[in-house]
Undergrad: 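First, the structure itself, so that you have it in front of you.
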Amino acid sequence: KALGQTVGEAMSDRPAVVKGNQPVREAARIMHDKKVRRLPVVDDELKLIGIITQGDVIQMMAAE
């Protein structure tokens, strides 16, 4: 049945997001709280500008 679904039916309709100007630590907190490994990154108009992953967060924190 899953293969017959549309992307719209399978997607999250209210995904957790992080704004591009927020600290990496905030992205890590949201990922932990929401139990997700990736977050869409949005601008002030909520337009998608990228994706941040757990790996990105780990690299940034390791560099501190």
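Count residues from 1 along the sequence.
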Undergrad: If a pair satisfies side-chain hydrogen bond (donor to acceptor under 3.5 Å, both in side chains) and one of its residues is in residues 39-60, list it, with sequence neighbours excluded.
TA: Thr53-Asp56
Undergrad: For residues Leu39 and Ala27, report the shortest heavy-atom separation together with the two atoms involved.
TA: CD1-O, 3.7 Å
Undergrad: Grouping I, L, V, M, F, W and Y whenever their side-chain heavy atoms are under 4.5 Å apart, do Ile51 and Val24 come out in a common cluster?
TA: no
Undergrad: Looking at Gly20 and Ile49, what are the two nearest heavy atoms and their distance?
TA: CA-CD1, 4.2 Å
Undergrad: What are the two closest heavy atoms between Pro40 and Ala16, and how far apart are they?
TA: CD-O, 3.2 Å
Undergrad: Partners of Asp33 by salt bridge (charged side-chain N to carboxylate O under 4.0 Å, His left out), sequence neighbours excluded?
TA: Arg29
Undergrad: Are Met61 and Arg25 side-chain neighbours, meaning at least one heavy-atom pair lies under 4.5 Å?
TA: yes
Undergrad: Without swapping roles, check the side chain of Glu26 against the backbone of Pro23 for a donor-acceptor pair under 3.5 Å.
TA: no
Undergrad: Indicate if Val18 and Met60 have the same hydrophobic cluster label, given that clusters are the connected sets of ILVMFWY residues with side-chain heavy-atom separations under 4.5 angstrom.
TA: yes
Undergrad: Using the rule that two of Ile, Leu, Val, Met, Phe, Trp, Tyr join whenever any of their side-chain heavy atoms come within less than 4.5 Å, decide whether Val17 and Ile52 are in one cluster.
TA: no
Undergrad: Tell me, do Met31 and Val57 make a side-chain contact under 4.5 Å, heavy atoms counted?
TA: yes
Undergrad: Just grab all the salt bridge (Lys or Arg N to Asp or Glu O under 4.0 Å) pairs involving residues 9-18, residues at least two apart or on different chains.
TA: none
